[in-house]
Amino acid sequence: MSPDEQLDYIQALWRRMLAHPETIPVPDWHRQIIGERLAEYRAGKAGAGRSWEEVRRDLQAELSRRL
(Lines give C-alpha, C1' and ligand atoms only; values in the text may rest on other atoms or scores of the structure.)
Protein backbone atom coordinates (compact mmCIF):
# COMPACT_ATOMS: atom_id res chain seq x y z
CA MET A 1 0.00 0.00 0.00
CA SER A 2 1.16 3.48 -0.73
CA PRO A 3 1.43 6.00 2.12
CA ASP A 4 -1.77 7.70 0.92
CA GLU A 5 -3.61 4.35 0.86
CA GLN A 6 -2.32 3.55 4.33
CA LEU A 7 -3.55 6.88 5.64
CA ASP A 8 -6.96 6.34 4.01
CA TYR A 9 -7.16 2.90 5.64
CA ILE A 10 -6.28 4.29 9.08
CA GLN A 11 -8.83 7.07 8.72
CA ALA A 12 -11.54 4.60 7.70
CA LEU A 13 -10.66 2.37 10.64
CA TRP A 14 -10.80 5.33 13.03
CA ARG A 15 -14.24 6.33 11.67
CA ARG A 16 -15.51 2.79 12.24
CA MET A 17 -14.21 2.81 15.81
CA LEU A 18 -15.80 6.20 16.51
CA ALA A 19 -19.14 4.96 15.22
CA HIS A 20 -19.28 2.46 18.12
CA PRO A 21 -17.09 3.76 20.97
CA GLU A 22 -18.79 1.42 23.45
CA THR A 23 -17.06 -1.53 21.76
CA ILE A 24 -13.58 -0.20 22.54
CA PRO A 25 -12.34 -1.80 25.77
CA VAL A 26 -11.11 0.46 28.56
CA PRO A 27 -8.36 -1.11 30.69
CA ASP A 28 -9.01 -1.28 34.43
CA TRP A 29 -5.94 0.84 35.15
CA HIS A 30 -7.43 3.65 33.03
CA ARG A 31 -10.60 3.51 35.10
CA GLN A 32 -8.54 3.58 38.28
CA ILE A 33 -6.60 6.68 37.23
CA ILE A 34 -9.80 8.43 36.15
CA GLY A 35 -11.39 7.61 39.50
CA GLU A 36 -8.38 8.96 41.39
CA ARG A 37 -8.29 12.18 39.39
CA LEU A 38 -12.02 12.70 39.72
CA ALA A 39 -11.77 12.22 43.49
CA GLU A 40 -8.93 14.77 43.66
CA TYR A 41 -10.98 17.21 41.60
CA ARG A 42 -14.05 16.79 43.80
CA ALA A 43 -11.93 17.23 46.93
CA GLY A 44 -10.50 20.47 45.54
CA LYS A 45 -6.98 19.04 45.33
CA ALA A 46 -6.66 19.00 41.56
CA GLY A 47 -5.44 22.56 41.19
CA ALA A 48 -6.38 24.97 38.46
CA GLY A 49 -4.63 23.14 35.66
CA ARG A 50 -2.62 24.84 32.96
CA SER A 51 -3.57 27.11 30.13
CA TRP A 52 -3.33 25.95 26.51
CA GLU A 53 -0.49 28.41 26.02
CA GLU A 54 1.53 26.77 28.82
CA VAL A 55 0.87 23.26 27.53
CA ARG A 56 1.73 24.26 23.97
CA ARG A 57 4.97 25.97 25.05
CA ASP A 58 6.02 22.89 27.05
CA LEU A 59 5.21 20.52 24.19
CA GLN A 60 7.16 22.65 21.72
CA ALA A 61 10.13 22.75 24.09
CA GLU A 62 10.01 18.98 24.50
CA LEU A 63 9.86 18.44 20.73
CA SER A 64 12.77 20.84 20.21
CA ARG A 65 14.89 18.85 22.66
CA ARG A 66 14.13 15.61 20.81
CA LEU A 67 15.05 16.91 17.35
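All residue numbers in this chain count up from 1 along the given sequence. Heavy-atom basis, side chains included; hydrogens, waters and symmetry copies ignored.
A single hydrophobic cluster is not seen to contain both Val26 and Ile33; linkage of ILVMFWY side chains at heavy-atom distances under 4.5 Å, directly or through other members, places them apart.
Taking CD1 from Ile10 and CG from Leu7, the interatomic distance works out to 6.5 Å, rounded to the nearest 0.5 Å.
Screening residues 23-41 for side-chain hydrogen bond (donor to acceptor under 3.5 Å, both in side chains), with sequence neighbours left out, gives Gln32-Glu36. For residues 1-10, every residue pair satisfying the side-chain hydrogen bond (donor to acceptor under 3.5 Å, both in side chains) rule, not counting sequence neighbours, is listed here: Ser2-Glu5.
For Glu54, the side chain to side chain donor-acceptor pair (under 3.5 Å) criterion is met by Ser51, not counting sequence neighbours. For Arg50, the side chain to side chain donor-acceptor pair (under 3.5 Å) test picks out Asp58, with sequence neighbours left out. The side-chain contact (heavy atoms from CB on, under 4.5 Å) search around Arg42 returns Leu38, not counting sequence neighbours.
Annotation for Pro25 and Pro27: closest pair O-CD, 3.8 Å, computed over non-hydrogen atoms.
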Show me the side-chain donor-acceptor pairs of residues 59-67 shorter than 3.5 Å, one per line, residues at least two apart or across chains.
residue: Glu62; atom: OE1; partner: Arg65; partner atom: NH2; Å: 2.7
residue: Glu62; atom: OE2; partner: Arg66; partner atom: NE; Å: 2.8
residue: Glu62; atom: OE2; partner: Arg66; partner atom: NH2; Å: 3.2
residue: Ser64; atom: OG; partner: Gln60; partner atom: O; Å: 3.0

